[in-house]
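Reading through the structure tokens given below for one structure.
Heads up: numbering here begins at 1 and tracks the sequence.
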Amino acid sequence: MGFPLAASDQAALLASAEEDMALCTLVGIEGSFSRRLGAQIAIARDGSTVGSLSDGCLERQLASDALAARAAGEGPRVLRYGSGSPIIDFRLPCGGGLDIVIDPAPDRAALRRVVDRLAKREAASLALPLPADAPSHWLTHRAYMPGLRTLLFGEGPEYGAFATLSTGMGTHVEGHGRASAGTSGLALGQVPPGIAADPWTAILLLFHDHEWEQALLGWAVTTPAFFIGAQGGGPAREERKALLRREGISEERIARVRSPIGLIASARDPEVLALSVLAEIVGAYEQLHPDR
């Protein structure tokens with residue numbers, strides 16, 4: 001399956017924290033480019049790479065430069081690629097310019113501290129080894145955030161389709177359904193014990209019988225979850241709001257519940273709804289990235 005969402009953004013970090021690999025980080029972009037600031041690749045002693053920046057040509061050039069720096073015993077340095085680069089036989093298809101810091105021997109202890117924080121679902125930051133005269137627009141710290149996690153509550157084909165699609169994509173899904181094979185078996189009016197949501201968690205309710213939602217939504221709106229969504233038509237949405245108001249939940253918190261859900265209006269097919277909602281969740285999660 002490969003690296004799940006967000007972990008793919010951290011693949012180079014994870015590799016270089018454990019192996020003797022150089023670490024390259026994109027710290028400046030002139031013009032357009034397909035990756036965000038902070039994108040990284042790790043380069044092994046044999047020239048193989050983990051992570052990606054382009055279609056392979058840039059990776060090969062970086063591997064050559066990183067291995068040459070390692071062989072010469074050099075420390076971190078920033079090289080320019082594309083427009084304005086002294087490397088005249090290498091150009092970027094987009095016509096822009098990139099500034100990339102190449103660290104032949106990154107601080108493994110610092111990398112492992114970042115990995116440990118992410119494993120605890122905490123945000124982390126890595127100081128980049130820039131020269132003292134680095135331009136102010138260069139990225140000075142590489143920010144990382146925990147991977148996307150979805151707490152899924154529900155029943156029926158929509159629940160199954162979302163769980164299948166999310167798992168296939170590599171995102172972490174924790175399913176809580178009404179008693180059936182493969183679920184923990186929800187109890188009406190109760191929130192499963194021991195669950196928690198952090199700022200990188202989405203909470204999704206996919207019920208047809210909406211009486212199962214009340215306790216769950218009353219809990220969900222008190223969490224820092226970045227996304228809370230529940231399926232249902234117009235009448236169900238109004239009834240949901242009325243029930244939450246009777247529970248004394250504020251309008252501000254009630255407004256956190258997204259409904260209707262999904263980027264495709266009035267999706268009727270369970271698989272289409274799953275794709276539509278997953279795209280909305282992933283889009284909201286991407287907006288959390290500090291270097292977007």
Side-chain angles (χ1 to χ4, degrees), residues 1-29 33-79 81 90 92 98-130 138-149 166-172 200 282 285-286 288-292:
M1 183 185 300
F3 289 99
L5 186 67
S8 59
D9 182 50
Q10 301 158 11
L13 166 75
L14 298 172
S16 56
E18 298 301 326
E19 304 291 339
D20 183 18
M21 305 180 80
L23 183 61
C24 303
T25 307
L26 177 58
V27 296
I29 300 175
F33 192 59
S34 59
R35 298 289 191 273
R36 63 165 63 98
L37 277 174
Q40 294 177 310
I41 67 167
I43 300 169
R45 286 182 174 272
D46 63 0
S48 60
T49 61
V50 176
S52 70
L53 290 178
S54 188
D55 59 359
C57 292
L58 178 57
E59 286 82 350
R60 287 190 291 273
Q61 183 65 48
L62 281 168
S64 175
D65 293 338
L67 293 177
R70 180 194 287 270
E74 297 177 349
R77 58 175 177 163
V78 179
L79 292 182
Y81 296 90
F90 179 83
L92 296 171
L98 306 176
D99 298 298
I100 299 176
V101 58
I102 298 175
D103 193 348
D107 183 342
R108 310 290 170 195
L111 298 182
R112 285 191 287 269
R113 285 193 293 271
V114 171
V115 171
D116 288 343
R117 286 183 63 91
L118 292 171
K120 297 174 184 176
R121 294 196 61 79
E122 299 174 356
S125 179
L126 180 70
L128 299 174
L130 300 182
W138 280 2
L139 189 69
T140 60
H141 289 74
R142 193 349 176 140
Y144 303 89
M145 63 183 187
L148 169 61
R149 169 177 174 255
S166 298
T167 301
M169 184 176 174
T171 66
H172 177 70
W200 304 277
V282 171
Y285 173 80
E286 282 293 303
L288 301 175
H289 201 293
D291 295 325
R292 66 179 182 276

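G47 approaches A63 most closely through the heavy-atom pair O-CB, 3.7 Å. L118 approaches Q10 most closely through the heavy-atom pair CD1-OE1, 3.5 Å. Across every non-hydrogen atom of A17 and V115, the tightest pair is CB-CG2, 3.9 Å. Taking every heavy atom of both residues into account, L139 and L37 meet most closely at CD2-C, 4.0 Å. Here the closest non-hydrogen pair linking G51 and I41 is C-CG2, 3.6 Å. Contact between A44 and L67 at its shortest, heavy atoms only, is O-CD2, 3.5 Å.
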Next on the checklist: Quick one, Y81 with L53, criterion side chain to side chain contact (heavy atoms under 4.5 Å, CB included). Give me CA distance, side-chain angles, the key distance, then yes/no.
Outcome noted: CA-CA 12 Å; Y81 296 90; L53 290 178; over 6 Å; no
Item to check | side chain to side chain contact (heavy atoms under 4.5 Å, CB included) between L26 and I100, intermediate numbers included | outcome: CA-CA 4 Å; L26 177 58; I100 299 176; 3.9 Å; yes
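Side-chain contact check for T25 versus L126: every heavy-atom pair is 4.5 Å or farther apart. Residues M169 and V282 form a side-chain contact, since some pair of their non-hydrogen atoms from C-beta on lies under 4.5 Å apart. For the pair E59 and S54, the minimum side-chain heavy-atom distance is below 4.5 Å. At least one side-chain heavy atom of L98 sits under 4.5 Å from a side-chain heavy atom of L58. Counting only heavy atoms from C-beta outward, the side chains of Y144 and R117 never approach each other to under 4.5 Å. By the 4.5 Å heavy-atom criterion applied to side chains, W138 and V78 are counted as neighbours.
Atom CG in D65 sits 14.0 Å away from atom CZ in R70 (nearest 0.5 Å). One distance of note links CE of M145 with CG of D291; it measures 10.0 Å at 0.5 Å rounding. Distance check: H141 NE2 to L130 CG gives 9.0 Å after rounding to the nearest 0.5 Å. Atom CG of D107 sits about 11.0 Å away from atom CG of L23, to the nearest 0.5 Å. Atom CG of L111 sits about 9.5 Å away from atom CD of E18, to the nearest 0.5 Å. In this structure, the separation between CG on L14 and CE on M21 is 11.5 Å, given to the nearest 0.5 Å.
Put simply, the side chain of R108 gets close to the backbone of S16: a donor and an acceptor are under 3.5 Å apart.
Applying the salt bridge (charged side-chain N to carboxylate O under 4.0 Å, His left out) definition to pairs two or more places apart or across chains, those involving residues 44-54 are D20-R45.
A salt bridge does not link R35 with D9: none of the charged nitrogens is closer than 4.0 Å to a carboxylate oxygen.
By the salt bridge (Lys or Arg N to Asp or Glu O under 4.0 Å) test, R121 is found to be paired with D198, residues two or more places apart in sequence or in another chain being considered.
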